[in-house]
Amino acid sequence: MLHQAWQLYGRWCRWSSPFIHLLTLTVVTFGVLTPLICHRLLHSYFYLRRWHLNPMSQEFLEQNQQEGQAALRYFEKLQIPNASEASGSDTFQPLLLVTIITVQRRNDFHYVLQVASHFHRLLQKCGAHCRSHRILLCNVESDPSSHQDVRLLSSFFPMVSRDKTGESPDPRVNQFEKEKQDYIFCLEQSLLTYNPEYVLIVEDDAVPEEEIFAVLQHLLLARFSKPYLRDALYFKLYHPERLQRYFNPEPMRILEWLGLGMFLGPMLNCVYSWATGRPSLSWPIVLFFALYSMALSELVGRHYMLELRRLAPTLYNIVPVTECCTPAMLFSAPSARRVLGYLKGLHCRQGFAKDIALYSLLRTKGENAYVVEPNLVRHVGMYSSLRLNDNPKLL
């Protein structure tokens with residue numbers, strides 16, 4: 001018995017054994033290489049939060065402050081156009097109206113200037129393909145004249161304001177309900193002012209990615225023609241990176257994760273067989289590489305896998321939505337009208353903000369909604385308009 005056990009040990013543990021090869025690969029990958037490579041990746045399991053979070057958060061704030069100053073200089077140098085006020089008399093009907101909803105925040109970061117400057121530059125860059133797009137500013141500051149950045153932007157973009165100066169505050173309207181009412185106002189004014197085919201409601205701390213208009217062009221003209229997408233209540237263009245992991249109670253992500261393993265398992269087995277001169281296919285080794293690739297993709301971070309989809313608009317994914325959050329939301333005109341009717345019947349409060357309210361409609365009203373992956377905007381606002389935080393962190 002002891003002799004047989006020793007023979008088995010010798011067969012499994014010699015250097016030419018697949019067991020030793022795969023064990024060594026596992027130890028080197030997960031014990032050495034990925035911790036060394038990924039310890040600064042914010043959305044990886046290997047991220048060393050204790051070492052990097054504070055300096056990276058400070059670096060982000062400083063860079064964001066510089067980008068705010070750059071956006072301020074952008075508009076100070078920009079030539080002022082003739083028209084500056086939103087007017088419903090304009091008979092032009094845009095395919096896409098980008099409505100930037102804004103409220104006064106810290107002046108040194110100029111969040112709304114960053115968002116507006118990026119959209120303006122990208123529209124100019126897009127050229128003829130984006131002639132049917134427009135930008136609208138929606139100022140929901142209680143005293144609109146106090147919003148300094150909007151005063152500058154009103155020379156370049158049409159603007160609507162929710163002026164509540166001199167009104168007595170309603171005690172029933174908490175900050176979450178006010179945010180919902182502001183959202184309703186901006187969505188409603190977007191439809192009334194331009195009557196667009198699609199409305200993109202963007203919060204004033206959601207900076208667009210470089211490829212946003214190319215991807216939206218593809219989605220609006222090609223992908224959204226499918227019946228199940230055409231009738232969707234809304235499309236989210238942003239989902240927090242920290243919530244994009246595979247290990248998540250969302251069936252579509254689990255299926256995607258399994259599919260990744262089923263694709264990479266046989267492929268890596270072929271590479272291993274070629275490198276070692278072994279038979280081309282071994283199901284135990286295929287299973288190992290499937291689990292290996294699934295574990296590696298999850299631990300490094302699904303967010304970084306999604307970034308590969310930016311290579312072409314056709315690679316962007318559209319999957320069922322989850323409840324958080326609303327930095328950038330795309331509505332068709334009919335769905336926007338349905339959303340307005342639904343939201344007016346809901347009262348928001350702590351624990352039931354507008355993003356959760358919108359998500360609840362999918363269940364109560366039998367609607368569908370989707371999220372576009374990877375994100376088409378970057379959320380840069382570390383200082384929230386709802387929650388006070390003097391020392392914000394990236395996580």
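Positions are given from 1, in the same order as the sequence printed here. Note that the structure is predicted; figures quoted are calculated from it, not measured.
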**Asked** Do V215 and L306 share a hydrophobic cluster, counting only Ile, Leu, Val, Met, Phe, Trp and Tyr and linking them when any side-chain heavy atoms are less than 4.5 Å apart?
**Response**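 Per the 4.5 Å side-chain linkage, V215 and L306 are not co-clustered.
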
**Cluster check V286, L264: I/L/V/M/F/W/Y, side chain < 4.5 angstrom** =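 No: no chain of side-chain contacts under 4.5 Å links V286 to L264.
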
What is the ring orientation for [X] with [Y], classed by angle as parallel under 30°, tilted 30 to 60°, or perpendicular over 60°?
X	Y	value
F109	Y111	parallel
F75	F156	tilted
H39	H52	tilted

Can you name the nearest heavy-atom pair linking [X] to [Y], along with the distance?
X	Y	value
F185	V160	CE2-CG2, 4.4 Å
M159	V150	SD-CG1, 2.9 Å
Y47	L41	CB-O, 3.1 Å
Y342	E367	OH-OE2, 2.9 Å
S297	L260	OG-CD2, 3.3 Å
H147	V112	CE1-CG1, 4.1 Å

Could you check whether [Y] and [X], counting side-chain N and O atoms only, form a donor-acceptor pair closer than 3.5 Å?
X	Y	value
D205	H379	yes
H21	Y272	yes
Q104	D143	no
E177	Q181	yes

Given 3.5 Å as the limit, does a donor-acceptor pair link the side chain of [X] with the main chain of [Y], or not?
X	Y	answer
N139	P144	yes
R253	R245	yes
S335	F331	no
W257	M294	yes

**Item:** Pair Y316-H218, side chain to side chain donor-acceptor pair (under 3.5 Å): steps then yes or no
**Value:** CA-CA 10 Å; Y316 276 70; H218 168 71; over 6 Å; no

**Prompt:** According to the disulfide bond (SG atoms under 2.5 Å apart) rule, which pairs have a member within residues 109-159, sequence neighbours left out?
**Reply:**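 Matches after skipping sequence neighbours: C126-C130, C138-C186.
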
So with a 6.0 Å cut-off around [atom1] of [X], is the heavy-atom count from everything else above 12?
X	atom1	answer
M267	CE	yes
R151	CZ	yes
Q350	CD	no

For [X], give me all partners under side-chain hydrogen bond (donor to acceptor under 3.5 Å, both in side chains), at least two apart in sequence or on another chain.
X	answer
T99	S190
Y238	E241
S132	none
N368	none

With rounding to the nearest 0.5 angstrom, report the [atom1] to [atom2] distance, [X] to [Y].
X	Y	atom1	atom2	answer
R230	K226	CZ	NZ	12.0 Å
Y292	N269	OH	CG	13.5 Å
Q148	S146	CD	OG	8.0 Å
L113	L72	CG	CG	6.0 Å
L296	M305	CG	CE	8.0 Å
L97	Y198	CG	OH	14.0 Å

Set of residues satisfying salt bridge (Lys or Arg N to Asp or Glu O under 4.0 Å) with respect to [X], sequence neighbours excluded:
X	value
E67	none
K125	E210
E307	R310

**Request:** Taking the six-membered ring for Trp and the single ring otherwise, decide whether the centroids of H133 and F213 are under 6.0 Å apart.
**Result:**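 When the ring centroids of H133 and F213 are compared, they turn out to be within the sub-6.0 Å range.
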
Side chains of [X] and [Y]: closer than 4.5 Å at any heavy-atom pair?
X	Y	result
H347	N174	yes
E197	L95	yes
K236	T322	yes

**Prompt:** So L122 and F119, side chain to side chain contact (heavy atoms under 4.5 Å, CB included) or not? Walk me through it.
**Reply:** CA-CA 5 Å; L122 292 173; F119 271 115; 5.5 Å; no

**Item:** Stepwise side chain to side chain contact (heavy atoms under 4.5 Å, CB included) check, F224 with L330
**Value:** CA-CA 12 Å; F224 288 178; L330 180 65; 3.6 Å; yes

Members other than [X] in its cluster, when Ile, Leu, Val, Met, Phe, Trp, Tyr link by side-chain heavy atoms under 4.5 Å?
X	answer
L36	V32
L315	L311
W274	none

**Message:** Please identify which of these residues, I101, V103, D182, meets the side-chain contact (heavy atoms from CB on, under 4.5 Å) condition with R162.
**Reply:** D182

**Fill in**
Those residues at least two apart in sequence (or on a different chain) that pass ring pair (Phe, Tyr, Trp, His ring centres under 6.0 Å) with H43 are H303

**Request:** Using a strict 4.0 Å threshold on nitrogen-to-oxygen distance, state whether E203 and K354 make a salt bridge.
**Result:**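 Answer for the salt bridge query: yes.
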
**Message:** One pair to check against side chain to side chain contact (heavy atoms under 4.5 Å, CB included): M329 and V339. What are the steps and the verdict?
**Reply:** CA-CA 12 Å; M329 304 282 284; V339 166; over 6 Å; no

**Request:** Start with the C-alpha distance between T34 and L299, add both sets of side-chain angles, then the distance that settles side chain to side chain contact (heavy atoms under 4.5 Å, CB included), and finish with yes or no.
**Result:** CA-CA 9 Å; T34 43; L299 293 174; over 6 Å; no

**Request:** Under the ring pair (Phe, Tyr, Trp, His ring centres under 6.0 Å) rule, what do F30 and F46 come out as? Steps first, then yes or no, please.
**Result:** CA-CA 9 Å; F30 297 107; F46 295 105; 7.1 Å; no

